[in-house]
Amino acid sequence: MKLDGMAELRTLDFPDALSYYIRPSDFRWLTPRLLVAENDMVEVGTPLFADKQDERVVIVSPVKGCVRQIVRGEKRAIRAIVIESETEAATGRSVDVQMPSNSQEIRTLMLQYGLWPMLLQRPFSVIPNPDSQPKAVFISCFDSAPLAPDYNCLMEGKETFFYKGLEIIRMISGDVPVHLCMRAGADNSLFEQCEDIQLHYFQGPHPAGNVGTQIHYTDPIRKGESIWYIDPQDVAIIGRFFAERMLSFEKMYALTGPVATTTGYFTAICGANLSNLFKQDWGREELRFISGNVLTGEKMVDFPTVRFYDRQVTVIREGGRREWLGWLLPGLKKWSFSHTFLSWLTPNRSYPHNTSLHGGRRAFMMTDVYDKVFPFDILPLPLLKACYIKDIEQMEALGIYEVDDEDFALCEVVCPSKMECQQIVRDALFELYKNV
Amino acid sequence: MRKHNALLDAIDTFLRTPSTVTASGSHIRDCVDMKRIMITVMIALCPALFFGMWNVGYQHFIAIGAPTALWSCFWYGFLKWLPLVVVTYASGLLVEVLFAQWRGHEVAEGFFVTGFLIPMIMPPDVPLWIVAVATAFAVLFGKEVFGGTGFNFLNPALLARAFVFFAYPSVISGDKVWISGADAVTGATPLAMVMNGHPEAMPSTWELFVGTIPGCIGETCKIAILLGAAILLFTQVADWRIMLSVLVGGYATAFLCHVSGLCPVPGYQQLLMGGFLFGAVFMATDPVTAAHTREGKYVFGLLVGILAILIRLLNKGYPEGMMLAILLMNIFAPLIDYCVVQAHIRRREKRLSQPKTAAR
């Protein structure tokens, strides 16, 4: 899938944001219990809300400032906590803590300062239980999605923190192997210097960089097992906290997309309002700003900010233009994984992608398209059907614990019946999650 | 909200691509949709159709002893084909639209191909009312009662033909039906002749291949069918696994029957006779009614090929075995898939319970 607008290797100037959005929906299936009220003053690391299922898990404020508003949606669900930052000064806060000596103390500190939610657990992609023990930890050191940022750029200057962070991860996860998964043939020198780590090299197109694919080929998950995974930048944040006692939620993000006039990398604090950044000249077309990549990202509707676990903003054109007899034309300019348009004769050109659905919703019909983009030893169509009817027994037999919705993103892209594959899998996983 | 109107909606999206944009999930989607896939199948059918039209006229003029000019043959065939296709679409789409309106879903494109196929597998002189009834029956009981396109387990076009075959046998079997307007002249499909004990009346391999023989519109010209097969395979609309395994299964059976003396016709000729190739390329590959799993497709195809030849040879009442073989295997396709999925589950369990192998 070829898309213009790869992030250039340059740093974008991002003026300090004045407001920040912290959203419970970034954390899958987390029910928040609010710990602050409007007009409260918060520091970096002040808990904003806790997970109702386990109140030790808290999401903290990434900045010093004042809680300006708590935006609520339907049924008074919290959509976002808006924090207005007071000064342009500090991007972090020095904290005075004793260096912990054992796993339990580290876990407690991470929970207290809001670093624990950086860890995620498969199956389900949820924040792991603070008492749980994984069978392995995975860190994917490259992203294979369209327009994905280069991790060497994201991690620049954070090497020592990353190594320290890995040490911490090894301590809290006990004696389990920690896997670093890298792109074969790329410059991986940053990651290869780590000690006591299992290194894996993957090649091939997306979803080679998805942690789900990497787990599947390295150490597949069986029922009852769990694996932790974490983004390398978050490892560095954890490392910095324990190395320098500095709590900072500053991260590097990439601004990408075929319609962005200036693409590149910028540093921002997690949750920052990016509207300043978006003040480029965008032309007159209707655009869609996406937090994350075009496959799994979320459209920014009311809050121009990047989700907690994303590291990329993608800007693409909105579609919806209607075309006369579009199904009949040769389609030289239409991108398709299938060969039904003549465009497959020119595989290297890039296409003016937009957000059109390009068709109506149908029943599952073409039976081989998913297999071509689904690299797991799992039958995608039978699994999707089992998910669709929420047949838990069949889902488990077919390997639901090994997958996450993002692993079905490509199936969704190529599906001629326009099935919402990711939503189907997510709903099915939720059904399982409730039952576990 | 605007009232759902299946007919207007169908016409609207037929004329212009829909304006819907992605709401959740992937923001960018493949440009392909079912309409595009269906039109690709129809394009692949066109070579066989055009040849078939000409051949209908050609056979007619030969039978009445008139000169066979290219255009007059084609025009004659076209005039035979046109009412058939109009009646098929009218009858089938009526049922489709009514059901779509009733159920509140969009009219699925599946019938475009079905309606295109039905006239190609009917005798040219079949009464139009029979076509209308057969089409309505096939769409209603083959598809809509199970939930519409995508949920059917029988190929609707073949079901229509089977309906005619069993309900009105006189119009579709016998010696004379395959030549249009030629009641007085005896003409029979090669299949019928051989099975009636006249192997000497067998056309040459070349004639079988080019298709200047009596038969229904779509099936006679093997060159045109292979051209269609090439389109389907290049565009990856049809699955090569099914096509290949049907041919392998059919040839192996025909070859064995020939060697064992059961049938005087050599194996390769069996593949060129009747609707075998047409069925292998356009009918057996229907993604909905064939097996859905990759391994299942091989089994499905092999069995279709084997059964088609066996039915042809062993039951002289039904010289055309392809239709029955495909319909029969359509019924067994879910069972094949079930076995494949269960085998997959067992293999997965075994793999997961083994100690971890070396990382890749």
Side-chain angles (χ1 to χ4, degrees), chain A residues 198 200 217-220 222 288 290 294-297 299 316 318-328 331 334-341 353 355-368 371 377 379 381-382 397-399 409 412-418 420-423, chain B residues 9 12-40 105-110 147-151 234-237 239 241 287-288 290-294 297 337 340-342 344-345 347-349 351-353 356 359-360:
Chain A
Q198 298 203 19
H200 303 276
Y217 282 109
T218 316
D219 190 5
R222 281 166 287 181
R288 177 179 292 195
I290 300 165
V294 290
L295 298 178
T296 57
K299 180 180 172 180
I316 57 173
E318 277 290 357
R321 210 164 50 86
R322 307 196 68 177
E323 194 181 339
W324 282 96
L325 298 176
W327 48 276
L328 189 60
K334 289 191 159 188
W335 177 79
S336 177
F337 178 74
S338 74
H339 289 175
T340 50
F341 295 95
H353 288 286
T355 62
S356 277
L357 194 55
H358 303 294
R361 166 78 184 274
R362 296 291 181 269
F364 286 117
M365 260 183 267
M366 298 305 282
T367 47
D368 199 42
D371 299 81
D377 179 28
L379 297 171
L381 186 64
L398 288 168
E412 186 171 82
V413 171
V414 302
C415 182
S417 297
K418 310 295 171 191
E420 302 284 351
C421 303
Q422 296 192 77
Q423 189 66 48
Chain B
D9 185 65
D12 185 44
T13 57
F14 177 82
L15 290 177
R16 298 187 298 164
T17 52
S19 64
T20 41
V21 293
T22 51
S24 72
S26 300
H27 297 267
I28 288 178
R29 300 296 174 92
D30 202 308
C31 289
V32 72
D33 65 347
M34 290 317 293
K35 278 193 179 59
R36 184 73 187 185
I37 287 175
M38 296 302 172
I39 193 72
T40 309
H105 60 68
E106 287 184 43
V107 178
E109 303 69 30
T149 310
F151 301 100
F234 272 122
T235 54
Q236 299 179 351
V237 167
D239 205 300
R241 295 173 186 85
V288 176
H292 292 176
T293 50
R294 284 185 172 181
K297 282 171 180 166
D337 280 335
V340 171
V341 171
Q342 292 306 315
H344 171 83
I345 290 174
R347 194 169 53 74
R348 266 183 55 83
E349 271 168 9
R351 185 175 62 86
L352 286 176
S353 60
K356 206 176 74 182
R360 201 170 81 155

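Below, chains carry the letters A, B, ... as their sequence lines are ordered, and counting in each starts from 1. Basis for what follows: all heavy atoms, side chains included, without hydrogens, waters or symmetry-related copies.
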* Proximal component of A:Gln423, with respect to chain B [non-hydrogen, under 4.5 Å] ->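 Interface part for A:Gln423: side chain.
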* Asked: Given a strict heavy-atom distance threshold of 4.5 Å, which part of A:Ile290 is in contact with chain B: side chain, backbone, both, or neither?
  ->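 For A:Ile290, side-chain heavy atoms alone lie under 4.5 Å from chain B.
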* Top residue by heavy-atom pair count (under 4.5 Å) with chain B, among A:Val414, A:Thr296, A:Leu398, A:Asp368? ->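 Heavy-atom pair counts peak at A:Asp368.
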* Any side-chain heavy-atom pair from B:Arg29 and A:Ser356 closer than 4.5 angstrom? ->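 The answer is no; the side chains never approach within 4.5 Å.
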* Asked: Do B:Arg294 and A:Leu379 have side chains that get closer than 4.5 Å, going by heavy atoms?
  ->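 Sidechains of A:Leu379 and B:Arg294: no contact.
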* chain A: which of B:Val340, B:Asp337, B:Val288 shares the most heavy-atom pairs with it under 4.5 Å? ->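 Result: the option with the highest number of such pairs is B:Val288.
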* chain A: which of B:Gly150, B:Cys31, B:Pro287 shares the most heavy-atom pairs with it under 4.5 Å? ->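 Among the listed options, the one with the most contacts to chain A is B:Cys31.
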* To do: Give, as side chain, backbone, both or neither, the part of B:His344 having an atom under 4.5 angstrom from any heavy atom of chain A.
  =>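 For B:His344, the side chain is the part near chain A, not the backbone.
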* To do: Go through the atoms of B:Thr22 and report whether side chain, backbone, both or neither lie under 4.5 Å from a heavy atom of chain A.
  =>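 Both parts, backbone and side chain.
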* To do: Please answer whether the main-chain N or O of B:Met34 pairs with a side-chain N or O of A:Arg362 as donor and acceptor at a distance below 3.5 Å.
  =>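 No, the answer is negative, given that no donor and acceptor are paired below the 3.5 Å cut-off.
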* Which distance, rounded to the nearest 0.5 Å, do you find between the CZ of A:Arg288 and the CD1 of B:Ile28? ->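 Here the rounded value is 9.5 Å.
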* Pairwise distance NZ(A:Lys299) to NE2(B:His27) - rounded to 0.5 angstrom ->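 Atom-to-atom, A:Lys299:NZ and B:His27:NE2 are 9.0 Å apart.
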* B:Arg351 and A:Asp377 ion-paired at < 4.0 Å ->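 Counted as a salt bridge, because a side-chain N and a carboxylate O are separated by less than 4.0 Å.
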* **Salt bridge present between B:Asp33 and A:Lys418 (N-O < 4.0 angstrom)** =>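 Here B:Asp33 does not pair with A:Lys418 in a salt bridge, since their nearest N and O are not under 4.0 Å apart.
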* **A:Ser417: partners by side chain to side chain donor-acceptor pair (under 3.5 Å), with sequence neighbours left out** =>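 Not a single residue meets the side chain to side chain donor-acceptor pair (under 3.5 Å) criterion with A:Ser417.
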* A:Ser338 and B:Arg36: side-chain donor and acceptor closer than 3.5 Å? ->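 No pair is found: no donor N or O on one side chain lies under 3.5 Å from an acceptor on the other.
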